[in-house]
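We number each residue from 1, following the sequence as shown.
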Amino acid sequence: MRVLMWFALGFGSACALGAYLLPQGVLAAASGAFGVLALALILAGIRFRRVRPAAVAALGCCAGLGWFALFGELYLSDAMEWNGVTREAELTAADYSYETDYGWAVEAYVRIEGKPYRVRIYLEEERELAPGDGISGEFRFRYTAPRAWERTSRYQGKGIFLTANQESALEIQRSETRVWWQYGPILAGKIGGILEAAFPEDVQPFVRALLLGDSTDLSWNVDMDLRISGIRHIIAVSGLHVTILYKLVEVLTGKRRFLTALIGFPVMALFAAMAGFTPSVTRACVMVGLMMLAQVFNREYDSLTALSFACLVMLAANPLVIVNAGFQLSVSCVAGILLFRGPIDGWIQRLWPKGDGRLWRWAHGCAAVSLSAMVLTVPLSAVYFGTVSLIGVVTNLLTLWAVNLVFNGLIGVCAVSLVSAKLAGALGWVLAWPIRYVLFTARLLSRAPLAAVYTSSEYIVLWLAFCYVLLAVFLIGKRKQSGVLFTCICLGLCLALGCSWAGPLTDGCRVTVLDVGQGQCILLQSRGKTFLVDCGGDTGEIAADRAYRQLASQGIRRLDGVILTHGDDDHCGGAGYLLGRIGTELVVVPGTLERGKLPQTDGRVIRADQELLITCGDCKIRIFPPAFLESSNENSLCILFEAENCGILITGDRSARGERMLLKRYDLPEVDVLVAGHHGSKDSTCRELLETVKPETVLISVGAGNVYGHPDEALLARLAEFGCTVYRSDQNGTILFRVR
């Protein structure tokens with residue numbers, strides 16, 4: 001029995017309970033309850049060996065809940081007291097400052113009651129900061145989300161328990177001395193400069209992502225290519241990179257155990273520091289370290305025990321790392337490979353028993369690794385990214401050899417640059433070609449039919465659940481009929497895709513308000529025709545990603561039209577990204593839209609200076625031109641989507657003034673659905689508009705916890721007064737309204 005594995009399983013489950021479900025006040029009592037259960041199971045285990053794993057797991061739950069409670073009381077409680085507080089503080093930069101979608105930011109440390117806390121500072125202006133720099137000023141602090149399902153919980157998974165917004169002018173004290181923890185980010189910064197100088201511009205973003213895990217400069221289209229083709233993991237520095245690095249150390253030391261350990265330990269520690277001690281890299285480095293120790297002392301190395309030990313170390317340092325997507329994916333990937341690689345490899349060999357040769361063994365070995373990793377990571381990918389790649393096994397077979405070559409080559413470029421920058425540049429030019437091969441392969445395969453499926457469709461979610469039920473039955477059953485399993489999975493997929501694609505073809509009127517955060521992105525559909533109204537959200541990339549997944553889940557590869565109500569980024573910021581992947585026949589924009597806001601498209605562009613009427617299946621789309629007032633919000637196009645028995649009105653970001661002008665110029669009918677203006681602002685969706693169109697249902701596209709206070713309480717009260725049923729994307733997610 002692997003005692004440490006069962007203990008770690010219980011400990012991790014307890015941390016998940018504390019992070020996702022149980023309030024802080026009941027953790028100690030829950031720990032005691034599991035302690036009693038563990039004692040009972042231990043006593044039962046004296047006679048019944050089969051209950052011993054459960055006893056160890058219960059003991060792990062007891063320890064995990066107790067440690068989670070202590071961590072909250074002894075460490076997190078001091079950070080919680082700074083929530084919502086504005087105060088003078090002195091912080092130390094932990095890394096270089098960087099640009100975000102909303103300005104500049106930097107990771108830093110602050111001491112509270114003598115304890116260090118990692119903080120993300122949001123700056124009011126561009127500031128060039130380096131690790132170790134002192135930052136003094138007035139900040140407004142906020143404790144990151146207390147519950148794992150809230151968006152800001154991603155901070156806690158990275159050990160960031162406070163954010164700070166700059167409230168006054170900052171005083172910067174440049175660091176003249178360095179401490180050990182600063183050398184990792186400093187080295188990463190220097191390597192970034194070497195890569196920028198050595199490689200052609202078109203591959204620089206990929207190179208930085210592959211070696212340093214910095215994907216900030218990677219284009220949205222390339223990121224989507226990698227994700228859909230199933231090799232996004234190669235630019236999230238992880239166990240793959242640590243394994244390649246360890247193999248390189250082994251080659252350089254001639255596989256001498258003591259020399260490998262002597263060089264390997266500092267190399268792994270430095271690489272982990274350079275990668276920012278991300279959960280996946282930390283997990284991999286701990287496991288490799290245990291393997292090197294086992295080799296030095298001639299002890300047996302057990303991968304599952306090593307994985308369990310690595311998880312326990314990381315959870316002890318920060319129990320909230322359990323909510324980190326990288327941690328979950330990394331652990332699930334390794335666990336899947338360790339548990340399922342052998343059976344899947346055997347199944348492949350039985351399926352093609354005549355295969356032989358080194359190439360065949362390498363191919364079916366790679367396929368077995370990819371498939372076994374997917375067993376446990378697919379559900380997480382579906383939850384976090386809404387995408388499940390079906391072509392990932394093929395892409396991995398075609399590209400991982402090149403990724404291995406390039407990663408080793410990048411280390412070679414960094415070493416050669418110490419001798420000659422020109423020689424490093426020449427090597428970079430050579431390595432650029434296999435990089436282009438990887439990117440080309442990902443782009444080609446990502447655009448293949450059925451390269452991926454998307455959980456935007458509830459039928460795909462049901463299909464995934466069906467697959468895991470089948471897998472459980474297959475594993476439990478005595479007769480392992482893999483052919484039947486594969487056939488059922490394929491038939492289920494065909495049924496799920498058919499149902500997903502049939503909806504837009506059969507619905508007479510269908511409106512989808514996508515959950516894009518603080519922005520607007522709406523699909524108007526009828527009898528297989530699709531128009532997109534706006535494409536903007538918290539960021540343009542988020543809006544484009546949600547819109548693409550929604551369209552792809554319905555089998556839509558080209559739009560019939562795009563209507564941009566006005567030029568604000570929260571309405572059109574993602575249109576350029578989306579139209580880079582999905583074409584359109586027509587783009588309608590206000591006549592006042594600046595040329596810089598117009599997305600590149602292969603479709604016809606119409607500047608709406610007068611009322612337009614467009615046919616969409618069984619429906620008509622009436623587009624009302626701008627009010628031509630001084631505000632861009634008032635210049636929003638308004639859209640009336642009309643079916644024989646249904647009407648939907650969209651007013652963009654117009655305020656009451658623009659809405660009254662709309663009512664004055666045009667005779668609007670009563671509608672079934674109104675999309676609230678300006679994301680639920682109190683100055684929009686005025687009383688006169690409600691009295692005229694008399695909507696039964698009001699949809700509000702709004703971001704959770706936005707700084708504008710949308711939707712405003714005054715608006716919600718006004719809608720309640722008119723008896724409107726209200727649906728909000730911040731509470732209800734993506735909203736679908738359909739009429740058969």
Side-chain angles (χ1 to χ4, degrees), residues 206 209-210 215 218-236 238-240 280 325-326 328-330 332-337 340-341 344 348 363 366-403 437-457 459-468 471 486 489-490 492-494 496-497 500-501 541 544-557 581-582:
F206 180 83
L210 181 64
S215 59
L218 206 67
S219 73
W220 179 79
N221 267 309
V222 170
D223 190 82
M224 288 292 289
D225 289 339
L226 297 173
R227 187 187 309 172
I228 295 170
S229 64
I231 57 170
R232 178 64 172 76
H233 60 92
I234 67 175
I235 60 167
S238 61
L240 170 67
S280 56
Q328 295 176 10
L329 286 165
S330 177
S332 299
C333 176
V334 175
I337 292 171
F340 299 106
R341 179 184 178 181
I344 291 175
I348 294 175
C366 287
V369 169
S370 297
L371 289 170
S372 58
M374 290 174 64
V375 172
L376 298 182
T377 57
V378 160
L380 294 173
S381 297
V383 169
Y384 288 115
F385 311 118
T387 303
V388 176
S389 176
L390 300 181
I391 208 167
V393 174
V394 176
T395 317
N396 277 280
L397 284 173
L398 293 175
T399 60
L400 283 187
W401 66 269
V403 172
Y437 162 76
V438 172
L439 295 176
F440 171 78
T441 304
R443 182 169 63 252
L444 183 67
L445 295 183
S446 71
R447 286 164 168 77
L450 297 182
V453 292
Y454 307 89
T455 56
S456 301
S457 166
Y459 300 107
I460 293 299
V461 176
L462 291 173
W463 171 72
L464 288 172
F466 171 70
C467 289
Y468 279 91
L471 181 61
F486 183 74
I489 288 174
C490 290
L493 176 60
C494 292
L497 290 172
S500 300
W501 296 353
E541 291 91 339
D545 180 59
R546 301 279 171 86
Y548 177 80
R549 286 194 274 120
Q550 185 73 29
L551 294 167
S553 70
Q554 299 174 6
I556 297 171
R557 304 179 70 88
R581 290 195 79 85
I582 291 183

So, taking the atom named [atom1] in [X] and the one named [atom2] in [Y], what distance separates them when rounded to the nearest 0.5 Å?
| X | Y | atom1 | atom2 | result |
| --- | --- | --- | --- | --- |
| I337 | L376 | CD1 | CG | 10.0 Å |
| I228 | L390 | CD1 | CG | 11.0 Å |
| R443 | L226 | CZ | CG | 10.5 Å |
| S381 | R227 | OG | CZ | 10.0 Å |

Please find the pair of heavy atoms, one from [X] and one from [Y], that lie closest to each other, and give the distance.
| X | Y | value |
| --- | --- | --- |
| G492 | F466 | CA-CE2, 4.4 Å |
| G326 | S280 | O-CB, 4.3 Å |
| L380 | S332 | CD1-OG, 3.3 Å |
| Y454 | A552 | CE1-CB, 3.4 Å |
| T377 | L329 | CG2-O, 3.8 Å |
| S389 | A452 | CA-CB, 3.9 Å |

Taking the side chain as everything from C-beta on, heavy atoms only, tell me whether [X] gets closer than 4.5 Å to [Y].
| X | Y | answer |
| --- | --- | --- |
| I234 | F206 | yes |
| I235 | D223 | yes |
| S446 | R581 | yes |
| H233 | N396 | yes |
| T387 | M224 | no |
| L497 | W463 | no |

Item to complete: State whether the side chain of S553 and the backbone N or O of S456 hold a donor-acceptor pair below 3.5 Å, judged by distance alone.
Response: no
Worksheet item: Is there a donor-acceptor contact under 3.5 Å from the side chain of S370 to the main chain of A367?
Response: no
List for me each residue that meets side chain to side chain donor-acceptor pair (under 3.5 Å) alongside [X], sequence neighbours excluded, and say none if there are none.
| X | answer |
| --- | --- |
| S330 | R283 |
| Y437 | none |
| S457 | S500 |
| Q554 | Q525 |

Item to complete: Kindly write out the residues that satisfy salt bridge (Lys or Arg N to Asp or Glu O under 4.0 Å) with R447, not counting sequence neighbours, or none if the list is empty.
Response: D225
Item to complete: Would you please name every residue forming a salt bridge (Lys or Arg N to Asp or Glu O under 4.0 Å) with R341, sequence neighbours left out?
Response: none
Fill in: For L398, the option from T441, L444, I231 that meets side chain to side chain contact (heavy atoms under 4.5 Å, CB included)
T441
